[in-house]
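A short write-up of the structure that comes next.
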Number of protein chains: 2
Amino acid sequence: MVGGMQSRTPASRTGRPRSAAADAAILAATREALVELGWSKLTLGDVATRAGVAKTTLYRRWAGKNELVVDAVAELFDELQLPDRGSLAADIEGVVLQFAAILARPEAKSGLMAVVAEATRDDALRERIRASIVDRQMRLVLAGRARAQRRGELPPEPDPGESARTLDLIFDVVAGAVVHRTLVSGKPADEEWVRSFTRLLLLGLTAQPAGQAATAPSRPAGHGTTAPSPPAEAGGGRA
Amino acid sequence: MVGGMQSRTPASRTGRPRSAAADAAILAATREALVELGWSKLTLGDVATRAGVAKTTLYRRWAGKNELVVDAVAELFDELQLPDRGSLAADIEGVVLQFAAILARPEAKSGLMAVVAEATRDDALRERIRASIVDRQMRLVLAGRARAQRRGELPPEPDPGESARTLDLIFDVVAGAVVHRTLVSGKPADEEWVRSFTRLLLLGLTAQPAGQAATAPSRPAGHGTTAPSPPAEAGGGRA
DNA sequence: GGCATTACGCTACGGGTCGTAGCGAAAGCT
DNA sequence: AGCTTTCGCTACGACCCGTAGCGTAATGCC
């Protein structure tokens, strides 16, 4: 669930309740229209017709096209998981492939970039995107790093400020590279590419400058998608 | 110059020539409108008025909003240069800072992502973006790598296929990270961030997995913007 | 100079979308 | 029952789109 806008029903318990089915139908219709028409040719009247609701109903729940598409696209990212694949490299490859699979869908392609573009002039929209899309991805990066630190694949970060900056950097590199590969370069982020990217990222995070000795990692950060996942405690799902 | 669409004047030498001043005025007006209104509220009628030309004149030169904004934004990237700062690290930091400075401008923010979003459903538009914007950036990456290889900071790539794939990877990582940092995370790609990013990228490209010895680089790829640029041309032979 | 050709400015137009107002009916709660 | 809120529907002014038509301006060719 997105849980973005109709969470305001605490005081008003009386009256006819809003149809939850209508919300789902509208968001599904929005994604359908994104696939068929793209962002620019998508009209709210058309979405309402597809969803089987009146145009006025749609306007009662969403302020406009931007907010609607953000919520519709956000649901695509609900499926993002971080299963424990045994090594940091395998974890990265797994989640990046998931992310790439979502971005490969036409409704994500045409919708996501458009709302990001609009968000450059709309702080509220930017916050909405951050809360419903970006934060979810960020949590995966955070969880993945913590897991790798428990494994000893990444050194612990004592300084919280430096830790946060590194986290931001990793996030921008990972998400940015996949988005750029998929949407700008127009080439698929397939397994081969993801392997190369993971190697680059992992070297950048763990390796020492050429000619120096290692200090932190206690094991060689074994790399490979076929690695059999040991039990590990994991705990991928959040509360 | 962009040199995108009005290059078709070889056969027809007769008649009144198109006003080059009008082109410049239209593109400048487009950027101005992007700053003030953003992508979605930008109308071609308004651009024509700002430029002091008739709306029909604008339609005679550009097929629509997408193509117009691509050309208007493309001119922003004309200033991208790759001065020799002495080391690969300094070169990367310099060009990334330039790229970040362009992306920080509001006309680039709201315009670039919007046309990229539209390009997901329009192959001709995608090609236009590639030719007038992306290629220019790609050339910088290519030139930077070649220079670093001459310096001995990067190992030569014998396999052309592998070489091309690495180049694509670097490009997507660099451009993607900066774009994501600026437009999605909404934080500035300032010098501190660029330093961290460059360190990550450079380690990923040159360093060896922790615990191993160096093989390729002949010098430690000195890093830091404050480094007094050595007279370039390290030990490595030139072209 | 005259002529053909192309670009330009201007006006006007049908078509489409926007976002809202107003109404009666439906669906809950107390 | 009565109250409250939502829903579907219709209609509306406002705006922008993209083009057609026309007269005028600026060039090259003869």
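Chain letters run A, B, ... following the sequence lines, proteins first, then strands; residues in each count from 1. In this text, all values refer to a predicted model and were calculated from it rather than measured experimentally.
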Inset, instruction - Mind calculating the distance between NZ (B/K65) and C1' (D/dC16) to the nearest angstrom? - result: 10 Å
Inset, instruction - Without swapping roles, check the side chain of A/T120 against the backbone of A/V116 for a donor-acceptor pair under 3.5 Å. - result: no
Inset, instruction - Calculate the interatomic distance between B/Y59 atom OH and D/dG18 atom P; express it in whole Å. - result: 4 Å
Legend entry - Test item: A/E75 and A/L27 side chains (from C-beta on) under 4.5 Å apart, heavy atoms: yes
Inset, instruction - Could you check how far CG of B/D23 sits from C1' of C/dC8, rounded to whole Å? - result: 13 Å
Distances under 3.5 Å only, N/O to N/O: pair up the protein atoms with those of nucleotides 20-22 of chain D.
none

Legend entry - Distance, rounded to the nearest Å, where A/K55 contributes NZ and C/dT17 contributes P: 9 Å
Legend entry - Rounded interatomic separation in angstrom, taking CG from B/L68 and P from D/dC16: 16 Å
Legend entry - Upstream residue (5' side of DNA chain D) when A/A54 and B/L44 are each assigned their closest nucleotide: A/A54
Legend entry - Test item: A/R105 side-chain N/O and A/A101 main-chain N/O as donor-acceptor pair under 3.5 Å: no
Inset, instruction - Specify the separation, in whole Å, of atom CG of A/L58 and atom P of C/dT20. - result: 12 Å
Legend entry - Minimum-distance nucleotide (side-chain atoms of B/P17 versus D/dA26, D/dG8, D/dC17): D/dA26
Legend entry - Aromatic B/W39 / basic B/K65 pairing, under 6.0 angstrom, 45° off normal: yes
Inset, instruction - Can you tell me the distance, in whole Å, between the CG atom of B/N66 and the P atom of D/dC17? - result: 12 Å
Legend entry - Among B/L37, B/L34, B/V69, the one residue meeting side-chain contact (heavy atoms from CB on, under 4.5 Å) with B/S110: B/L34
Inset, instruction - May I ask you to check whether A/S163 and A/R145 show a side-chain donor-acceptor distance below 3.5 Å? - result: yes
N/O donor-acceptor pairs under 3.5 Å from side chains in residues 182-189 of chain A, not counting sequence neighbours:
| unit_1 | atom_1 | unit_2 | atom_2 | d |
| --- | --- | --- | --- | --- |
| A/T182 | OG1 | A/V178 | O | 2.9 |
| A/S185 | OG | B/D172 | OD1 | 2.6 |
| A/K187 | NZ | B/D168 | OD2 | 2.7 |

Legend entry - N/O donor-acceptor pair, side chain A/R16 with base D/dT6, under 3.5 angstrom: yes
Inset, instruction - Could you tell me whether the phosphate oxygens of C/dG9, OP1 or OP2, come under 4.0 Å of any side-chain nitrogen or oxygen in B/T57? - result: yes
Inset, instruction - Mind calculating the distance between CD1 (A/I26) and P (D/dT6) to the nearest angstrom? - result: 13 Å
Legend entry - Phosphate-side-chain proximity, B/R18 and C/dA7, N/O vs OP1/OP2 below 4.0 Å: yes
